[in-house]
Amino acid sequence: MTLHLVSKSPFSSSALRDCLQSFAEGDALLLIEDGVYALRHDALQTLQNSAVYCLEADAAARGQRELAAIVSGIKMIDDAGWVKLCTQHNPIVSWFR
Amino acid sequence: MPRSAGHFTIWPAMKFSLAVYSAPHSTQSAASALRFAKALLSEGHEIYRIFFYCDGIQNGNSIAAPPQDEADLTGEWQDLQRQYNLDLVICIAAAQRRGVLSQREAERQEKLSANLAEGFELAGLGQLTDAVANSERLVTFGG
């Protein structure tokens, strides 16, 4: 099962859209850096039954932490949680274009 | 697989490699790589190699002088390298193209000075292949 890392905003990059095209059942998505703006994007709704995580520090740095708390199904994680996700998934694919 | 030790579960340490494609000052991704590397080490995992490619080679540029109130990623990589004896490898072709040279390369290319930061090494792309082959996980930082 793949862990997808999306680090660009879906409002300025196709990273999230490209990721979703290859997203398979059992995969997980972690939003980091500007990728946390996906919390405000409709595309995320297609993943309602999948594991979606958000890096808390990057969400907080962009004023999105409160939003992440109310978007259903999003789990906030810290750096240690990120490491743990990486141990539980293989491969880890980064989407940044 | 995890093993259970009473009331908590122990996850075995894993061997990671990182690929860094971005310069320190361009986007957040080099800083994210550093943060992730620190988290890996503090969680008890091993870093087999960190490979700097494309603009990521700027992480090993010793003459970059960021303002004092901004992060000095090169210095932080060096601190981490000394502390954990990390293998920080810079792609030699990417570095030559962008002007990051070791003493030996500077002499060979007849350039005025060398600027490869201490703690980093120049090597070929084969070292990334080797890292993939010898690590359980590869995490890429780009953009």
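Numbers restart at 1 for each chain; the letters A, B, ... are given by sequence-line order, proteins then strands. Excluded from the calculations below are hydrogen atoms, water molecules and symmetry mates; all remaining heavy atoms, backbone and side chain alike, are included. None of the values given here were measured: they were computed from a predicted structure.
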Please assess F141(B) against F96(A) for the test side-chain contact (heavy atoms from CB on, under 4.5 Å), listing each intermediate value before the final yes or no.
CA-CA 8 Å; F141(B) 293 85; F96(A) 48 83; over 6 Å; no
Q.
Ring-plane angle category for W82(A) and F36(B), please: parallel below 30°, perpendicular beyond 60°, tilted otherwise.
A.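 W82(A) and F36(B): tilted rings.
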Check the surroundings of atom NZ in K111(B): do more than 12 heavy atoms from other residues, nucleotides or ligands lie under 6.0 Å from it?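 No, not enclosed.
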ask   = Does CD in E121(B) sit with more than 12 non-hydrogen atoms of other residues, nucleotides or ligands closer than 6.0 Å?
value = no
Taking a hydrophobic cluster as the set of Ile, Leu, Val, Met, Phe, Trp and Tyr residues connected by side-chain heavy atoms closer than 4.5 Å, whether directly or through intermediates, do [X] and [Y] fall within one such cluster?
| X | Y | result |
| --- | --- | --- |
| Y37(A) | I74(A) | no |
| L128(B) | F52(B) | no |
| V52(A) | L67(A) | yes |
| F16(B) | I77(A) | yes |
| L34(B) | L55(A) | yes |

Listing, residues 54-67 of chain B side-chain donor-acceptor contacts under 3.5 Å, not counting sequence neighbours, or none:
unit_1	atom_1	unit_2	atom_2	d
D55(B)	OD1	R98(B)	NE	2.7
D55(B)	OD1	R98(B)	NH2	3.4
Q58(B)	OE1	N61(B)	ND2	3.2
N59(B)	OD1	W77(B)	NE1	3.0
N59(B)	ND2	S22(B)	O	3.1
N59(B)	ND2	G56(B)	O	2.8
N61(B)	OD1	I63(B)	N	3.1
N61(B)	OD1	N115(B)	ND2	3.3
S62(B)	OG	N115(B)	O	2.9

Donor-acceptor under 3.5 Å ([X] side chain, [Y] main chain):
| X | Y | answer |
| --- | --- | --- |
| R97(A) | G142(B) | no |
| S94(A) | T140(B) | yes |
| R137(B) | C86(A) | yes |

- Where does L40(B) contact chain A at under 4.5 Å (heavy atoms): side chain, backbone, both or neither?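 It is both, since atoms from each part get that close.
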Under 4.5 Å to a heavy atom of chain A? For Q28(B) that would be both
Write out all pairs satisfying side-chain hydrogen bond (donor to acceptor under 3.5 Å, both in side chains) with one or both partners inside residues 38-55 of chain A, taking only residues at least two apart or from two chains.
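Only R40(A)-Q64(A) qualify under side-chain hydrogen bond (donor to acceptor under 3.5 Å, both in side chains).
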- Query: How far apart are the C-alpha atoms of T87(A) and H45(B), what are their side-chain angles, what is the distance that settles it, and do they pass the side-chain contact (heavy atoms from CB on, under 4.5 Å) test?
  - Reply: CA-CA 10 Å; T87(A) 64; H45(B) 297 288; 3.6 Å; yes
With chain B, the option among V83(A), V93(A), L5(A), D34(A) that has the most non-hydrogen atom pairs under 4.5 Å is V83(A)
CG of D79(A) to OG of S42(B), rounded to nearest 0.5 Å, is 8.0 Å
* Asked: To the nearest 0.5 Å, what is the distance between CD1 (I32(A)) and OG (S29(B))?
  ->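 So the gap between those two atoms works out to 8.0 Å.
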Given R35(B), M14(B), E136(B), the one with more heavy-atom pairs under 4.5 angstrom with chain A than any other is R35(B)
**Item:** Which atoms of L3(A) approach chain B - backbone, side chain, both or neither, heavy atom under 4.5 Å
**Value:**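 Interface part for L3(A): neither.
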All heavy atoms of E43(B) vs all of A80(A), minimum pair found to be OE2-CB, 3.4 Å
